[in-house]
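None of these values were measured; they are calculated from a predicted model.
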Amino acid sequence: MELPCDGAGICMACKNKPPNEETLNCKTCATPWHATCLVYPPQELADTLQWECPDCSMINPPSTSAVAAGRSEEAGELIASIRKIEDDKSLTEQEKAKKRQKLLSGATAGPSPSDGDEKKEKNDVLDILDKELTCSFCMQMLDRPVTTPCGHNFCLKCFQRWIGQGKRTCAYCRVQIPPKMASQPRINSTLVIAIRMARMSRSSNAGGAPKVYHFVQNQNRPDKAYTTERAKRAGKANACSGKIFVTVPPDHFGPIPAENDPERNMGVLVGEIWEDRLACRQWGAHLPHVAGIAGQSTHGSQSVALSGGYLDDEDHGEWFLYTGSGGRDLSGNKRTNKDQSFDQKFDKMNEALRVSCLKGYPVRVVRSHKEKRSSYAPETGVRYDGVYRIEKCWRKNGIQGFKVCRYLFVRCDNEPAPWTSDVQGDRPRAHPVIKELKNAIDITERKGSPSWDYDVRKKLLDVEKASASQ
DNA sequence: GGGCCCGCAGGG
DNA sequence: CCCTGCGGGCCC
């Protein structure tokens, strides 16, 4: 782990104060570093003026690239290759950028004489797009992009680090950044869509057929749900499902990516709203059209629906409390019984949620509150709100004297939630415990693992343990 | 606005 | 096969 010098000029790695001749200042963030503690110190004196610190030139292999995250030797090789490109004086800045992009997109290193002009032209378009979607700090595809009024894009984290250093000008063009933007950077959700599409074309460009499942025999189903002749009542629970548009298998965990959306090439985006539970089903966000929990007791739970049906549930947007299923006597005709009449157990769907909790799997969440019980649900329709993790589950006494299964869900999506992108400033204040969790998730993200890495759960527990022992 | 009633989809 | 489910229109 490489560390810079602290405010007092002391190297955080060796704890000594380096003499002037061993101090290097980053050209991007101007932070001082101890040259002898660097893994890759600049080779020539001339290079020290243009030197960029490891934080600013941080190379995290993108998850879609051929380079697997977490393999440090490969990452080291990648850094070495990039430095080689940087050091090549025969290249212009633009050519260097191109080479970097090619390297990061998982293309094979070395010359490829078979590349025709045709292919090059095609890639130029992608390169332009890539350049627009690249953060000037980390040179990576933008992660949670924020856009300055002067029109330049940065990763949220890179931007916040810049602001944290007291900078108040655009790192790209040096135009002043308004204080509001500095204190409340807003994620550019349109860009998020563009990035998804770029990633998509990039991964399909990298070769290899995208993994596509055909999950239900859909061919003879119409685009909209319909009611059969036999089902005389017009209730939508009587309706047959329309075509399923996405190609994820029913046991797919986590977000629905663009490569499984042949219809729109977008994937299911956070904040998408459908007319009803059947339409929501057709886009794969939550498959059961009546039940609130999708899952298998042996496997885990893929998604849940929040509808305000349980009075004890609490919805805080970033986190919520959910009640398991069962324990309501639904026999006879009274299918809308709101009363508990027996204890819930961790079996069936409740067990599926418990498995997801223990394993730390991501759970998709849709909200469809009919009464306005929560400000995090739309007035009408069913909205996809991204993936959550079940932080803990337990059994609770109390609902009409019966035991119920309870679950604490915490949001862990790296795309903005509807209430952060649409309603600036309306974001719920994080619960202290949640803050800690989010921190832990951030740590794993910094290490380059995707945010729905199943190991996150283990790391969360480590962090909890560490903070408890303090 | 509460209660009724319908039948689909999917787990076990 | 049987059982269950955080729909939803409609009737009262």
| query | In whole angstrom, what separates D347(A)'s CG from dG12(B)'s P? | reply | 9 Å
| said: Between the side chains of K243(A) and E263(A), is the shortest nitrogen-to-carboxylate-oxygen separation below 4.0 Å, so that they form an ion pair? | reply: no
| message | So, using ring-ring contact (aromatic ring centres under 6.0 Å, His included) as the criterion, who are the partners of F346(A) when residues are at least two apart? | response | none
| task | Using atom CG of L321(A) as one end and atom P of dC6(C) as the other, report the distance to the nearest whole Å. | result | 17 Å
| query | Who pairs with H152(A) by ring-ring contact (aromatic ring centres under 6.0 Å, His included), at least two apart in sequence or on another chain? | reply | Y172(A)
| message | Please report the distance, rounded to the nearest Å, between CG in L278(A) and P in dG10(B). | response | 11 Å
| request: Determine yes or no for a side-chain-to-main-chain donor-acceptor pair under 3.5 angstrom, with D343(A) supplying the side chain and K403(A) the backbone. | output: yes
| remark: Sequence neighbours excluded, the answer for side-chain hydrogen bond (donor to acceptor under 3.5 Å, both in side chains) partners of S297(A) is none
| Could you spell out the base pairing of DNA chain B in dot-bracket, with Watson-Crick or G-U pairs whose two distances are under 3.5 Å, [ ] crossing and | to another strand? | ||||||.|||||
| Rounding to a whole Å, what distance do you find between N350(A):CG and dC3(C):P? | 19 Å
| field | Gap between atoms CD and P, on Q282(A) and dC8(B) respectively (whole Å) | value | 16 Å
| task | Tell me whether the OP1 or OP2 atom of dG10(B) has a side-chain N or O from R281(A) closer than 4.0 Å. | result | yes
| said: From C-beta outward on V290(A), which listed nucleotide comes closest to its side chain: dG7(B), dG8(C), dT4(C)? | reply: dG7(B)
| request: Please tell me if the side chains of I256(A) and E272(A) come closer than 4.5 Å, counting only heavy atoms from C-beta onward. | output: no
| So, does T169(A) use its side chain to make a donor-acceptor pair with the main chain of V175(A) at under 3.5 Å? | no
| request: Go through the structure and list residues passing ring-ring contact (aromatic ring centres under 6.0 Å, His included) with Y322(A), not counting sequence neighbours. | output: F409(A)
| query | Is it true that a side-chain atom of N350(A) and a backbone atom of K345(A) form a donor plus acceptor pair closer than 3.5 Å? | reply | yes
| task | Compare the minimum distances between each of dC6(C), dG11(B), dG8(C) and the side chain of M349(A), then state the nucleotide with the smallest one. | result | dG11(B)
| request: Take the protein atom NE2 of H286(A) and the nucleotide atom C1' of dC6(C), then report the distance between them rounded to whole Å. | output: 8 Å
| message | Expected output is a numbered-order residue list: members of residues 295-305 of chain A with a heavy atom under 4.0 Å from any atom of DNA chain B. What is it? | response | G295(A), Q296(A), S297(A)
| field | Between dG11(B) (C1') and F346(A) (CZ): distance, integer Å | value | 19 Å
| field | Between C1' of dG5(C) and CG of L287(A), the distance in whole Å | value | 14 Å
| If you check every side-chain atom of H289(A), which of dT4(C), dG8(C), dG5(C) has the closest atom? | dG5(C)
